[in-house]
There are 2 protein chains.
Amino acid sequence: MAVRKQIESSLSVQEPLKRKGLSVTDSRKKILQLFMQQKGALSHGDIEKKAGATFDRVTIYRTLQTFLDKGIIHAIPSSDNAVRYALCQDECGPGHHHHQHIHFICGRCKQTFCLDDIVTPDLHLPKGYQSQEIDVLVKGTCKQCSATSKRA
Amino acid sequence: MAVRKQIESSLSVQEPLKRKGLSVTDSRKKILQLFMQQKGALSHGDIEKKAGATFDRVTIYRTLQTFLDKGIIHAIPSSDNAVRYALCQDECGPGHHHHQHIHFICGRCKQTFCLDDIVTPDLHLPKGYQSQEIDVLVKGTCKQCSATSKRA
DNA sequence: TACAAAAAAGCAACATAGTTGCAAAAATCA
DNA sequence: TGATTTTTGCAACTATGTTGCTTTTTTGTA
């Protein structure tokens with residue numbers, strides 16, 4: 001039955017929500033699930049497409065905002081006016097994000113990935129500048145796409 | 001006379017346009033001037049405000065796109081759905097951008113600056129990933145704002 | 001399990017941002 | 001100066017994001 005499947009897969013989804021003190025609702029479960037099934041980052045539009053007409057657009061906006069606030073996802077800047085979101089790895093608290101990883105944007109498959117193993121480098125800023133957060137965006141060709149093009 | 005002033009200040013503005021093979025129009029002069037007068041980066045909205053009702057919105061979009069294509073300005077990613085633009089320093093050709101500098105986003109004055117002297121660091125990417133371009137965004141407090149808060 | 005309080009979702013209406021095609025105006029070049 | 005090419009402005013449209021309010025769902029407790 002489809003129902004059983006739903007219940008099973010949503011079990012692992014409920015836990016993080018509860019841990020963050022959020023009430024467990026259909027849209028939150030669904031959206032969190034989408035993120036967990038996904039290697040790359042998701043934009044609001046991606047979620048709208050993937051979730052189909054299940055949820056109101058507004059609900060998606062508000063859910064993303066809630067997830068951001070609670071430190072479940074983090075926003076990845078972009079230069080195409082489509083901010084993407086991805087799951088936080090380590091424990092990010094409300095407001096406190098601890099991200100040291102970099103983001104890779106593939107020009108071929110257009111996906112954005114978190115490279116969790118690559119730590120953001122230290123920078124020497126000019127006198128007077130105080131750094132709070134560093135975001136490194138690397139554009140190029142991802143592992144998968146590099147491999148496919150070689151074989152072709 | 002206001003006219004003379006216009007002509008004088010637009011002289012330095014015409015040159016880069018011509019060098020890039022662009023016809024010299026009022027909107028291009030005005031928008032390029034805005035960038036040259038400005039320390040920080042400008043979003044489409046900023047330009048719309050600063051240019052007043054002088055130009056059509058569409059013209060601003062198209063001018064920014066043209067400047068991007070010709071390597072006169074570069075786009076700075078953001079996580080607030082407001083891509084900002086700033087003048088290119090060295091010679092960037094069409095398609096070929098050579099930026100090694102980092103971008104600083106001040107949380108206080110909300111301005112974005114190019115720190116031209118800070119070179120983007122080398123990164124060791126995982127096997128298979130090919131890097132073409134690196135964008136470093138640093139969020140924090142800028143020189144000016146740091147100074148003001150100390151005195152206050 | 002049922003119920004009241006609190007939280008979230010849905011809806012509608014609105015505001016802003018970005019795109020496209022086409023006609024009018026301006027810039028270029030001979 | 002005048003013909004050609006380029007750019008602009010306008011209109012209409014699509015997409016994206018926001019807000020207030022009502023209904024529904026969730027939660028915690030009896």
Side-chain angles (χ1 to χ4, degrees), chain A residues 6-7 10-11 13-34 42-70 72-73 75-85 94 110, chain B residues 6-7 10-11 13-34 41-70 72-73 75-85 94:
Chain A
Q6 265 299 101
I7 292 170
S10 68
L11 273 178
V13 156
Q14 290 188 12
E15 187 207 356
L17 292 174
K18 288 195 174 167
R19 244 207 339 263
K20 297 286 183 175
L22 291 175
S23 33
V24 178
T25 67
D26 286 347
S27 46
R28 287 179 183 165
K29 281 190 287 185
K30 178 67 181 171
I31 292 175
L32 185 51
Q33 212 167 65
L34 285 177
L42 294 170
S43 68
H44 176 275
D46 295 333
I47 294 170
E48 215 169 330
K49 276 169 218 135
K50 281 179 193 280
T54 329
F55 307 111
D56 196 85
R57 272 165 9 90
V58 180
T59 300
I60 299 176
Y61 281 115
R62 290 197 270 226
T63 303
L64 288 173
Q65 189 56 55
T66 305
F67 283 5
L68 273 180
D69 292 344
K70 294 290 178 177
I72 296 173
I73 58 175
I76 305 170
S78 86
S79 39
D80 64 350
N81 286 305
V83 177
R84 267 149 261 246
Y85 305 92
K110 307 295 175 198
Chain B
Q6 266 300 100
I7 293 169
S10 68
L11 272 177
V13 157
Q14 290 188 11
E15 187 207 356
L17 292 174
K18 287 195 174 166
R19 241 203 345 257
K20 298 287 182 175
L22 291 175
S23 33
V24 178
T25 67
D26 287 347
S27 46
R28 286 176 183 168
K29 281 190 288 184
K30 177 68 181 173
I31 291 174
L32 185 50
Q33 211 167 65
L34 285 177
L42 293 170
S43 69
H44 176 274
D46 294 334
I47 294 169
E48 216 171 328
K49 277 170 216 135
K50 282 181 192 280
T54 329
F55 307 111
D56 195 84
R57 273 165 9 91
V58 180
T59 300
I60 299 176
Y61 281 114
R62 290 197 271 227
T63 303
L64 287 173
Q65 189 55 55
T66 305
F67 283 6
L68 273 179
D69 292 344
K70 293 291 178 177
I72 297 174
I73 58 175
I76 305 170
S78 85
S79 38
D80 64 350
N81 286 305
V83 177
R84 268 148 259 247
Y85 304 92

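Values below: every heavy atom of this structure, side chains too, minus hydrogens, waters and symmetry copies. Sequence lines set the chain letters: A, B, ... in the order given, protein chains first and strands last, and positions in each chain run from 1. Quick caveat, the model's predicted, so the values are computed rather than measured.
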- Query: So does A/Asn81 get a side-chain nitrogen or oxygen closer than 4.0 Å to the phosphate oxygens (OP1/OP2) of C/dA17?
  - Reply: no
- note: B/Gln14, atom CD; C/dA27, atom P; distance rounded to Å ~ 10 Å
- Message: What is the separation between atom CD1 on A/Ile47 and atom P on D/dG17, rounded to the nearest whole Å?
- Response: 11 Å
- Roughly how far, to the nearest 0.5 Å, is the CD1 atom of B/Ile31 from the CD atom of B/Glu48? 10.0 Å
- Query: Under 4.0 Å between a side-chain N or O of A/Ser23 and OP1 or OP2 of D/dT27?
  - Reply: no
- Ignoring hydrogens and angles, answer whether the base of C/dG18 and the side-chain atoms of B/Arg62 contain a donor-acceptor pair closer than 3.5 Å. no
- Note on the structure: Taken to the nearest whole Å, CD/A/Glu48 to C1'/C/dG10 is 14 Å
- Decide yes or no for B/Leu22 and B/Ile72: does some side-chain heavy atom of the first lie under 4.5 Å from some side-chain heavy atom of the second? yes
- Message: What's A/Thr66 touching, base or sugar-phosphate or nothing? Going by heavy atoms closer than 4.0 Å.
- Response: nothing
- Message: Could you tell me if the side chain of A/Phe55 sits less than 4.5 Å from the side chain of A/Asp26, heavy atoms only?
- Response: yes
- Task: Send over the distance from B/Leu22 CG to D/dT5 C1', rounded to a whole Å.
- Result: 14 Å
- Message: I want to confirm an ordering. Mapping A/Thr59 and B/Arg57 to their closest nucleotides on DNA chain C, which one lands closer to the 5' end?
- Response: A/Thr59
- Item | Candidate nucleotides D/dT16, D/dG9, C/dA8, ranked by approach to the side chain of B/Phe55 - the nearest | D/dG9
- B/Asp80 CG - C/dA17 C1' separation (whole Å): 13 Å
- Task: Starting from C1' on D/dT22, measure out to CG on A/Asp56 and report it in whole angstrom.
- Result: 13 Å
- Message: If you assign B/Gly21 and B/Val58 each to the DNA chain D nucleotide with the nearest heavy atom, which residue ends up on the more 5' nucleotide?
- Response: B/Gly21
- Query: A/Val24 side chain: which of D/dT27, C/dT19, C/dA8 is closest?
  - Reply: D/dT27
- Message: Rounded to whole Å, please give me the gap between CD1 in B/Ile60 and P in C/dG18.
- Response: 11 Å
- Query: To the nearest Å, how far apart are A/Leu17 CG and D/dT25 C1'?
  - Reply: 15 Å
- Among D/dT16, D/dT26, C/dT19, the nucleotide that comes nearest once only the side chain of A/Tyr61 is considered: D/dT16
- Item | B/Arg28 side-chain N/O to B/Ser23 backbone N/O, donor-acceptor pair under 3.5 Å | yes
- For B/Thr63 and D/dT7, is the shortest distance between a side-chain N/O and OP1 or OP2 below 4.0 Å? no
- Please check if any side-chain donor atom of A/Thr66 sits under 3.5 Å from a side-chain acceptor atom of A/Asp69, or the reverse. no
- Item | Among D/dT7, C/dA12, C/dA9, the one nearest B/Thr25 by side-chain distance | D/dT7
